[in-house]
Amino acid sequence: MSRNIRVDVAVVGDGLIGMSTALHLRRRYLSVAVVGGTTPGRASTAAAGMLTPACEYDPWMPQEFYELLREGLDYYPGFLSDFNLLPESVGFRSTDFTLLDLVERPESLQHRTEWMDAHGIKNTWLSPAEVCEAEPHLSPRAFRGAIRIKGEAVVNPRALLREMTKWASEEDCAVLGGGLTEACDEHDRLRLTTGEGDTVVADQVVIAAGSWSGQVGRAFGLDIPLCPVKGQIVRLTGARELLRSVVFMPSGGCGSIVSRSPGEYIVGTSEEYLRPETDNTAGVVGAVLSRLCAVLPEAAEWRIDEMWSGFRPMTSDELPILAQADDPRIVVATGHHRNGVLLAAVTGRLVAALIDGEDPGLNLDPFRYGRLLRPHTRFATKY
């Protein structure tokens, strides 16, 4: 039976960003409806769950982006506590990261320590021998050094989304399926219709639909330029406690090795700009596993349990859109690219502040809707 719902805010998108927004709005005693999509491949359930500003920020990006990433990590413990989400139930834990120099470029990664020092990031450059002392199961033939980064974290995105959705349902958020099929004005409000025939009338709308935010935006007459970036990931089972940190590689077929739980390893991921399908492909998975076994030889004996893919929503300047749209009734929260999990909690808080007309506490000008976007720097599929 279809429903007709009247709420203060409708959130289009039921991934981590959308659910975090719904949670923060409910804490402000606003009524909320969440409209979920139907297309497979969302990033929220595909990501490895790394929370690492130090690895994800590049010095060519604006300083405000690092501040946003840092706040994203710093806010996580308080966010979990405020919403009674137990760290163990969502796989949240602090951990070191080992950023490997894989000799894929003529220059070393060692220069990255300079900006890390300038930003107060606790880091140490390790020689190959020191890397092997810190991570004895890594192959010394695979790298020429590494940066050991302190004080970052990981979370299980699937578990986090499950617990957030449960909280939202228990707090009387209407969680609707079927995707958005139509949007129109109803006097000074906005009327949304879902694929299941439900109708939502809302004073304000948040567009947080990840890689499909551009399509959703068009329903409201908005231009939200996004590129869906495919990533393929493999989950394996192997020996317990082989790694003492998250292993991060800034390029190549295997970008990270995350120990999600004892004996469970999440390995990935690709960055593909040419394939919109959610399938796993032999070339990419082969590259991921080849790099894994080169860096961690014991992984050659691990069992493959699962493979999947998802689409990261990316703007051409690789910065998110976190702003009110030209229509003041609409807030856009998308384009998080590789940092949707890291920024999920803080994005919900920021969007709730924008909805209420408050100072968000961070400079969001670089993330404004309708900003002039630079040409894209990537020209082909990257593994």
Side-chain angles (χ1 to χ4, degrees), residues 15-16 19-20 41-56 72-73 76-77 79-80 85-100 134-138 148-166 231-250 252-271 280 284-285 288-289 291-293 295-310 312 336 338-345:
L16 290 172
M19 279 301 171
S20 173
R42 64 181 179 181
S44 292
T45 52
M50 296 179 292
L51 310 178
T52 174
C55 292
E56 293 295 351
L73 175 59
Y76 248 95
F79 164 73
L80 297 178
L85 304 174
L86 298 177
E88 56 269 25
S89 71
V90 299
F92 177 83
R93 58 182 171 85
S94 296
T95 184
D96 294 345
F97 276 66
T98 301
L99 180 63
L100 290 182
E135 294 288 356
H137 293 279
L138 298 184
R148 188 76 161 200
I149 303 164
K150 300 284 187 180
E152 311 286 80
V154 294
V155 72
N156 182 337
R158 294 181 179 181
L160 178 61
L161 181 60
R162 181 179 62 247
E163 293 300 312
M164 292 168 67
T165 303
K166 178 181 176 183
Q232 300 186 45
I233 298 186
V234 184
R235 179 171 65 87
L236 305 98
T237 294
R240 300 161 65 98
E241 300 178 356
L242 284 183
L243 298 175
R244 301 169 182 171
S245 65
V246 172
V247 176
F248 189 93
M249 291 153 280
C254 171
S256 60
I257 311 170
V258 180
S259 177
R260 178 166 287 177
S261 61
E264 179 186 21
Y265 299 90
I266 308 299
V267 182
T269 176
S270 61
E271 291 187 14
N280 289 104
V284 172
V285 173
V288 168
L289 296 178
R291 175 58 54 76
L292 168 66
C293 295
V295 172
L296 186 60
E298 293 180 48
E301 303 300 322
W302 290 358
R303 183 183 73 239
I304 297 175
D305 290 325
E306 186 182 5
M307 293 182 283
W308 65 87
S309 67
R312 312 174 189 90
H336 293 74
R338 296 176 53 88
N339 298 293
V341 182
L342 170 58
L343 295 176

Would you check, one step at a time, whether the test side chain to side chain contact (heavy atoms under 4.5 Å, CB included) holds for L243 with V258?
-> CA-CA 9 Å; L243 298 175; V258 180; over 6 Å; no
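Of the possible donor and acceptor atoms, one in the side chain of E135 sits under 3.5 Å from a partner among the backbone N and O of R244. Using a distance-only test at 3.5 Å, with no hydrogens or angles considered, a donor-acceptor pair links the side chain of S256 to the main chain of G268. Under the 3.5 Å distance criterion, the side-chain polar atoms of S309 are left unmatched by any main-chain donor or acceptor of N280. Checking side-chain atoms of R260 against main-chain N and O of A48 turns up a donor-acceptor pair under 3.5 Å. Between the Y76 side chain and the L342 main chain, no donor and acceptor come within less than 3.5 Å of each other. The main-chain N or O of L161 is found under 3.5 Å from a side-chain atom of T165 such that the two form a donor-acceptor pair. Side-chain N or O atoms of T98 include none that pairs as donor or acceptor with a backbone N or O of S245 at under 3.5 Å.
Using a 4.5 Å heavy-atom threshold, the side chains of L51 and T95 count as separate. Side-chain contact check for I233 versus V288: every heavy-atom pair is 4.5 Å or farther apart. Looking only at side-chain heavy atoms (C-beta outward), L296 and V247 stay at 4.5 Å or farther from each other. Between V246 and I257, every side-chain heavy-atom pair lies at or beyond the 4.5 Å cut-off. Considering only heavy atoms from C-beta on, I304 stays 4.5 Å or farther from V285 through its side chain. Using a 4.5 Å cut-off on side-chain heavy atoms (C-beta onward), E152 and M50 make no contact. L236 has its side chain within reach of L292: a pair of non-hydrogen atoms, C-beta onward, lies under 4.5 Å apart. No side-chain heavy atom of W302 sits less than 4.5 Å from a side-chain heavy atom of V234.
Residues E163 and S89 share a closest heavy-atom pair of CG-OG, 4.2 Å. The shortest heavy-atom contact between V341 and G49 is CG1-CA, 4.2 Å. Nearest heavy atoms, G72 versus L343: CA-CD2, 4.3 Å. Closest of all the heavy-atom pairs between L73 and G151 is CD2-O, 3.6 Å. Contact detail for P157 and L16: the closest heavy-atom pair is O-CD2, 4.0 Å. Considering every non-hydrogen atom in both S20 and A344, the closest pair reads OG-O, 2.8 Å.
Salt-bridge annotation for R338 and E271: present, with a side-chain N of the basic residue lying under 4.0 Å from a carboxylate O of the acidic one. Between R158 and E306 there is a salt bridge, since a side-chain N of the basic residue sits under 4.0 Å from a carboxylate O of the acidic one.
In this structure, E56 CD and F248 CZ are separated by 4.5 Å, a value rounded to the nearest 0.5 Å. If you take CG on N156 and CD on E88, they are separated by 13.0 Å, rounding to the nearest 0.5 Å. With rounding to the nearest 0.5 Å, the separation of CZ in R148 from CZ in F97 is 11.0 Å. One finds the CE atom of M249 at 10.5 Å from the SG atom of C55 (value rounded to the nearest 0.5 Å).
In this structure, E301 places its CD atom where only 12 or fewer heavy-atom neighbours from other residues, nucleotides or ligands lie under 6.0 Å away.
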